[in-house]
Structures are given as structure tokens and as C-alpha cells.
Amino acid sequence: MRRTQATMNSMEQMKENLKAEIASAVTKAGLAAPEEVPDVMLEQPKEKEHGDFATNMAMQLTKIAKKNPRQIAEELTAEMDYAKASIEKIDIAGPGFINFFLDNAYLREIIPAVLEAGADYGRTDVGGGERVQVEFVSANPTGDLHLGHARGAAVGDSLCNILDMAGYNVTREYYINDAGNQVEGLALSVEARYLQALGHEAALPEDGYHGDDVKEIGERLAEENGDRYAGLPEEERLAIFRELGLKKELDKLKADLSAFGVTFDEWFSETALYESGEIEETLMLLKEKGYVYEADGAVWFKSSEFGDDKDRVLVKNDQTYTYLMPDIAYHKNKLDRGFDSLINIWGADHHGYIPRMQAAIQALGYAHDTLDVEIVQMVNLLRSGEKVKMSKRTGNAVTLRELMEDVGLDATRYFFAMRSADTHMDFDMDLAVSESNENPVYYVQYAHTRLCSIFRQADERGITYDPAVDLSPVASEKEYDLLKKIGEFPEVVADAARLHAPHRMTNYLHELAASFHSFYNAERVMDQENEAKTKARLVLAKAVQITLQNGMRIIGVSAPERM
RNA sequence: GGCCCAGUAGCUCAGUUGGAUAGAGCAACGGCCUUCUAAGCCGUAGGUCGCAGGUUCGAAUCCUGCCUGGGUCGCCA
């Protein structure tokens with residue numbers, strides 16, 4: 001979906017002007033017919049000498065115009081209207097790049113736009129209000145959240161924030177696996193811990209849950225209820241423990257995630273799908289569509305018709321469902337609720353599961369790309385330079401809660417958001433804990449702190465902040481660099497949304513902070529000799545502060561006033 | 001063995017979907033605090049983009065083959 005003129009900031013409009021001017025120069029120079037002109041690619045060169053913007057149009061036209069790129073560039077630029085696109089100078093460089101040097105005064109127009117938008121600066125309508133549902137974490141309610149879940153939570157929540165800023169209508173959802181064997185295991189484990197707490201001989205089941213959290217639940221139940229449950233018949237007792245265990249585990253999950261800055265719009269129970277009959281309904285639907293058959297006493301889904309390696313069992317020969325069956329019903333439920341697209345964030349150990357879920361989406365009659373599954377890769381935790389192996393079953397894993405206690409919320413969120421989700425990552429606890437320049441999260445926060453300090457000082461000196469002040473004193477190279485960075489923000493949000501790539505936001509924040517630190521060291525905001533400049537720079541500083549805050553909010557990192 | 005992810009500076013990672021001399025952070029080296037917080041800035045050094053072919057004006061990026069690490073291949077969830 002295209003951005004409207006009205007939602008573009010001045011930098012984006014400048015880019016559009018320049019693009020239009022380039023396209024029209026191409027046809028004026030007779031290099032290509034209007035319908036053959038390629039999309040104009042405008043990039044911001046890394047090197048200053050390569051101008052403010054550059055295009056590779058001349059190279060793209062070699063095939064159509066049948067000339068060498070440098071000659072094309074000459075002919076093209078001869079037709080450009082400098083005044084119309086605020087061009088000061090054009091260079092032709094390298095293999096045929098056209099470099100544009102602009103009159104950067106227009107960049108100042110970004111400042112009032114940022115101030116006016118405030119917390120909404122960066123918000124666009126590229127999502128067009130599309131309803132997207134993001135399912136993430138969805139850890140079984142049988143233990144604490146570990147590192148992988150933490151990464152999934154950080155990535156998922158940041159992505160949701162990004163999608164929201166990019167104009168999507170986002171619903172965050174957690175799928176509770178409260179119907180399978182693992183919940184039986186939980187009930188048995190709670191029972192064992194409860195009986196142990198009362199001093200009875202009781203062994204944890206072999207595949208039970210050894211975590212401290214389950215132990216605490218058993219002990220708590222013993223404290224609160226004494227031996228009230230010990231005398232009950234086994235079946236009755238387990239039913240109680242199943243329910244109580246689930247409730248306590250869920251309360252803990254919610255509390256831990258909330259402390260991590262992650263909340264959900266919906267906690268969706270698998271059991272509800274059994275109770276509503278939707279699982280049976282979904283199975284019937286697949287049968288009607290002819291995607292189901294019986295063999296070897298089981299019921300199979302013809303997922304191989306949609307690109308899966310082989311068909312999958314839906315109903316086992318003991319007549320119970322596999323995990324897949326309710327999951328298909330769950331996704332049908334999502335689609336029935338009217339979402340335009342679904343995003344699932346899964347751990348790496350589930351990646352083999354993607355083709356069958358995609359097959360199910362298609363069997364239900366939806367396009368393949370209705371569901372996008374983002375894989376969050378493994379996390380290696382390093383402590384004192386050594387790998388900490390995680391194992392949920394034995395309870396040796398480092399939990400999200402421990403991580404937050406040791407490392408802190410901000411560093412944890414930033415570290416996970418910092419890396420692209422589908423790559424393996426090392427989480428260096430010593431680095432994340434260190435309160436030093438080795439720690440990347442402080443770099444960004446420190447920039448914000450410096451801004452706050454400037455405003456405090458200005459206040460103490462009685463300098464009034466006036467957003468309506470004349471901004472023309474903002475004209476140095478460092479200031480223009482800063483303004484360019486600020487102007488990029490909406491585009492960064494939109495790109496991060498399109499690519500489902502939250503780590504682009506941390507990259508951007510680091511660049512913005514770097515641009516500010518560089519400015520801060522080179523020039524003073526408050527200049528006692530020059531009140532006009534001081535006041536103008538305070539307004540610039542406010543725009544930087546707003547942009548930083550908006551970016552940090554997206555990542556779930558706090559913007560401290562002092563450090 | 002099939003499929004998925006990864007392999008880029010000493011370390012941890014980016015690389016705007018094919019563009020210019022491949023970039024950051026940390027570590028190393030040299031500078032900058034009587035001036036808004038030095039958790040900062042400025043500079044130097046650091047590379048066979050796993051390997052070999054191919055596609056083209058142009059490849060870290062796309063294609064093929066191979067090597068290495070991890071994951072996954074159940075009528076578990």
C-alpha cells in the first residue's frame with residue numbers, strides 16, 4: 001500500500017520529488033519510453049562524497065537504452081531541473097552512479113513535524129489497517145520460561161509494536177497447551193511434590209517436571225491445605241492438581257511476561273477448542289474437502305498435497321488426537337475471527353512443523369502467505385565465557401526471571417531485539433550485566449539522558465523552550481546529519497514491519513544515538529553568546545528526544561532521565 | 001541421508017533484497033574532560049565475505065556443487 005503525500009515527512013517528500021524528476025528526465029532525454037522506465041532507486045550513500053542521495057538509474061537503463069551507463073548518466077542529468085528538486089550539484093561517479101547534492105535547508109521542516117506528532121512520530125499507514133494476529137511465546141504451562149521463550153517474547157512484542165506503528169491492527173495472542181499429555185504430567189508432578197511436602201514417600205514421574213516452580217506449587221498447596229488432598233481418591237486428586245497447577249503456572253507466566261513488558265490481548269485455551277467442538281468440526285471440514293483418509297487404524301491429513309514431505313496423522317489409532325489436529329482447529333479459529341494475516345513466532349525446534357501448518361492453512365482454503373512463521377533461533381548463554389546448557393526438564397535452565405534479575409529488563413530486551421531472529425545468538429551475561437561502555441544498551445539510553453540533562457540545565461538557566469522559534473540557525477553539517485537520521489525513522493519502522501525484522505530498530509537507534517553523540521561533542525546546544533541558536537537547538541534536541549523515545553518504546557526499553 | 005538456519009575483522013553481529021573503497025560495537029593502538037554527564041567524541045589498525053564454479057555492466061547478496069557448525073526429521077507436544 002502506498003503512503004499518501006499527507007503522511008510523508010519532508011525528507012520523504014524530497015525523495016519523491018527527486019524520484020519524479022529523475023523519471024521525467026529519463027523520458028525527456030529519450031532514454032526509455034514512459035512505460036519502460038524502471039522504478040527509481042534512491043539510496044543514501046554511506047560516503048559523504050557521494051552526495052545526499054544517489055541513483056543507479058543509468059546502470060538500470062543500459063539494456064533499454066543500449067548505451068554505456070556513464071553516457072546515459074550524462075544525457076539524463078542534462079535534462080534535470082535543478083530548482084525543482086532543490087539540487088545544488090550533480091556528480092556522475094564510479095560505474096555510472098548519479099550523485100545528488102541538495103540544499104539541505106528543507107530538512108529543518110522535519111522538526112515541527114516530529115514535535116507535532118510526538119509519541120506518534122514514526123506512525124504510518126503502510127499497513128492500511130490490515131488485521132494481523134501475532135501468536136508468540138505459547139510455552140507449555142508446565143514450567144518457567146527459559147531463554148528461548150525470552151527471546152521469542154522480546155522479538156514478538158517488538159514486532160507487534162512495530163506493526164502497530166506501521167498502521168496494522170495487531171492482536172497479540174498466547175496459545176495455552178492445556179489439553180495434552182503434558183498437563184497430565186504436570187498434575188502428577190504437582191501431586192508428587194505435594195505429597196513430598198507432607199513428608200510422604202512420593203517419586204516424580206520419569207517424564208515429570210523437575211523445575212523449582214512445580215516444587216513450589218506443591219509446597220504451597222501443602223501449606224495452604226494441609227493433607228486435605230492426600231486422602232482423596234487418586235483420580236479426584238489429580239483433577240484438582242491439574243486445575244490448580246495450571247492456574248498457578250499461568251499466573252506465573254503472566255506475571256513474568258508482564259514484568260518483561262509483554263502483555264497479550266488474548267490467552268487462548270486449547271481445551272476451549274475441545275469444549276466448543278471446533279476440533280471435530282475442523283476434522284469434518286477437512287474430510288469434506290477430501291484431504292483426509294484412514295490407514296493403519298489412524299486418520300491422516302494429505303499435507304503432502306501442499307508441499308509437505310509426507311502426510312501427517314490427525315487421529316492416532318487409540319482414537320486420540322495428535323498435537324496437529326487441535327492446532328489446525330486453532331488456526332481455523334484464528335482465520336474465522338477475520339484476521340487478514342497470521343504471524344507465528346516459533347522456536348527453532350519447531351521449524352520442521354512449518355510445512356504441515358502451511359499445508360493446513362491451504363487445505364482450509366487460504367493462500368499460503370496468509371500465515372508467516374518466524375523462527376527464533378537457539379540462544380547460547382555464556383557465563384564467565386562458558387556455555388550454560390539449558391534443559392527445561394531437569395530444571396537447570398536459566399529462566400526469564402533469573403535473567404531479568406541478573407541482567408535487568410532493559411539490557412535483556414535490547415540484547416534479544418538486537419539480533420535478527422533467525423540467527424543463532426550468543427547471550428553474553430557478563431557483557432549484558434556490565435555497566436560500562438561495553439554494553440550497547442547504555443549507549444542509546446545515555447544519549448537520551450544527555451538530552452534530559454540539557455533540558456534540565458536550560459530550565460535552571462531560565463531559557464524558555466519555544467517550539468515556534470525560528471529554526472534557521474540549525475544549519476551545521478552535524479545538525480543536518482542528525483535531521484536526516486530523524487527523518488529516516490518512519491521508513492525504518494515501515495521496513496522493519498514489512499520484513500518482520502525488529503533488529504532494524506535497534507540498529508537504527510544506535511545510529512541515531514551515534515549521530516547525536518557526535519553532534520553533542522562537536523557543538524554546544526546552549527551558547528550564552530547566541531540566544532537564537534540556543535533556542536533553535538533546544539527544539540532540535542526535543543525532536544531527537546522524541547524520536548529516541550519512540551524507538552525505545554518499540555523495543556520495550558526504558559528511556560531514563562538520569563544515569 | 002532429507003529438509004531448515006548459519007558461516008563476513010581477534011570476538012559478537014549488521015549489510016536497506018544485485019551497486020561505488022564490505023560496515024558497526026567490543027577488544028588493540030593514539031589523541032580529547034576549567035565549557036550542556038568521558039556509559040561520550042575524534043583518529044589509526046584490522047577482511048581470500050566458508051570453498052569452487054556459474055549468471056552480468058556489477059555478486060557478501062541470485063543459481064549449482066562441495067566443506068563446517070547447529071536444529072529437525074514420532075500415531076510426542
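Heavy-atom basis, side chains included; hydrogens, waters and symmetry copies ignored. Convention: sequence-line order gives letters A, B, ...; per-chain numbering from 1.
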**Message:** I need the CD1-P distance between A:Ile328 and B:A77, as an integer number of Å.
**Reply:** 13 Å

**Check ion pair A:Lys332-A:Glu278 (N to O, under 4.0 angstrom)** = no

**Message:** Heavy-atom count check: over 12 atoms from other residues, nucleotides or ligands less than 6.0 Å from A:Glu561 CD?
**Reply:** no

**Side chain of A:Trp300 - closest among B:C75, B:G19, B:U35** = B:C75

**Asked** Considering only side-chain heavy atoms of A:Tyr323, which listed nucleotide, B:C13, B:A38, B:A77, is closest?
**Response** B:A77

**Protein-nucleotide distance (A:Asp327, atom CG; B:C76, atom P), rounded to Å** = 16 Å

**Request:** Please evaluate the base of B:G71 for a donor-acceptor partner in the side chain of A:Asp349 within a cut-off of under 3.5 Å?
**Result:** no

**Request:** With P as the reference atom in both, quote the distance from B:U61 to B:G54 in angstrom, rounded to an integer.
**Result:** 14 Å

**Message:** Over 60° means perpendicular and under 30° means parallel, so tell me whether A:His350 and A:Tyr353 are parallel, tilted or perpendicular.
**Reply:** perpendicular

**Asked** Base, backbone or nothing for each nucleotide of nucleotides 1-9 of chain B, written B, S, -, heavy atoms under 4.0 angstrom, 5' to 3'?
**Response** ---BBS---

**Asked** Does CD in A:Gln44 sit with more than 12 non-hydrogen atoms of other residues, nucleotides or ligands closer than 6.0 Å?
**Response** yes

**Prompt:** CG of A:Leu42 to OG1 of A:Thr55: how many Å apart, nearest 0.5 Å?
**Reply:** 5.5 Å

**Prompt:** Side-chain contact, heavy-atom cut-off 4.5 Å: A:Trp346 with A:Phe136?
**Reply:** no

**Item:** Atom-to-atom span, OH of A:Tyr293 to C1' of B:C75 - whole angstrom
**Value:** 12 Å

**Message:** At a heavy-atom distance below 4.0 Å, what parts of residues 500-521 of chain A sit against RNA chain B?
**Reply:** A:His503, A:Arg504, A:Asn507, A:His510, A:His517, A:Ser518, A:Tyr520, A:Asn521

**Message:** Among A:Tyr174, A:Tyr323, A:Tyr321, A:Tyr175, exactly one meets ring pair (Phe, Tyr, Trp, His ring centres under 6.0 Å) together with A:Tyr330. Which residue is that?
**Reply:** A:Tyr175

**Prompt:** Does OP1 or OP2 of B:A38 have a side-chain N or O of A:Arg450 closer than 4.0 Å?
**Reply:** yes

**Complete:** The dot-bracket string of RNA chain B, counting Watson-Crick and G-U wobble pairs with both distances under 3.5 Å, using [ ] for crossing pairs and | for pairs to another strand, is (((((((..((((.....[...)))).(((((.......))))).....(((((..]....))))))))))))....

**Prompt:** Salt bridge check: are A:Lys15 and A:Glu491 linked by an N-O gap of less than 4.0 Å?
**Reply:** yes

**Asked** How would you label the contact of A:Ala298 with the nucleic acid (heavy atoms, under 4.0 Å): base, sugar-phosphate, or nothing?
**Response** base

**Item:** Rounded interatomic separation in angstrom, taking NZ from A:Lys542 and P from B:C36
**Value:** 20 Å

**Prompt:** What is the distance from CD of A:Glu43 to P of B:G23, rounded to the nearest Å?
**Reply:** 12 Å

**Asked** P atom, B:C63 versus B:U56: distance in rounded Å?
**Response** 16 Å

**Message:** Would you say A:Lys310 places a side-chain N or O within less than 4.0 Å of OP1 or OP2 belonging to B:G74?
**Reply:** yes

**Fill in**
Taken to the nearest whole Å, CG/A:Leu314 to C1'/B:C76 is 15 Å

**Request:** Quickly work out the A:Asp428 CG to B:C13 C1' distance and round it to whole Å.
**Result:** 13 Å

**Protein-nucleotide distance (A:Asn56, atom CG; B:U16, atom P), rounded to Å** = 14 Å

**Asked** Taking atom P in both B:C62 and B:G70, what distance in whole Å separates the two?
**Response** 24 Å

**Request:** Can you tell me, in whole Å, how much space there is between the P of B:U8 and that of B:G15?
**Result:** 14 Å

**Atom CD of A:Glu523: over 12 foreign heavy atoms under 6.0 Å** = yes

**Asked** OP1, OP2 of B:A77 versus side-chain N and O of A:Lys316: anything below 4.0 Å?
**Response** yes

**Base of B:A20 and ring of A:Phe97 stacked, centres under 5.5 Å, planes under 30°** = yes

**Prompt:** Of the candidate nucleotides B:U12, B:U35, B:G19, which contains the atom at the shortest distance from the side chain of A:Asp426?
**Reply:** B:U12

**Residue A:Arg419, side-chain heavy atoms: nucleotide from B:U17, B:C36, B:U12 that is nearest** = B:U12

**Prompt:** Is the distance between the ring centroids of A:Phe306 and A:Tyr291 under 6.0 Å?
**Reply:** yes

**Asked** Any chance CG of A:Asp39 has more than 12 other-residue heavy atoms, nucleotides or ligands included, within less than 6.0 Å?
**Response** no

**Prompt:** On RNA chain B, nearest-nucleotide positions of A:Ala348 versus A:Asp311: which is more 5'?
**Reply:** A:Ala348

**Message:** Distance check, C1' atoms only: B:A22 and B:G46, in whole angstrom units.
**Reply:** 14 Å

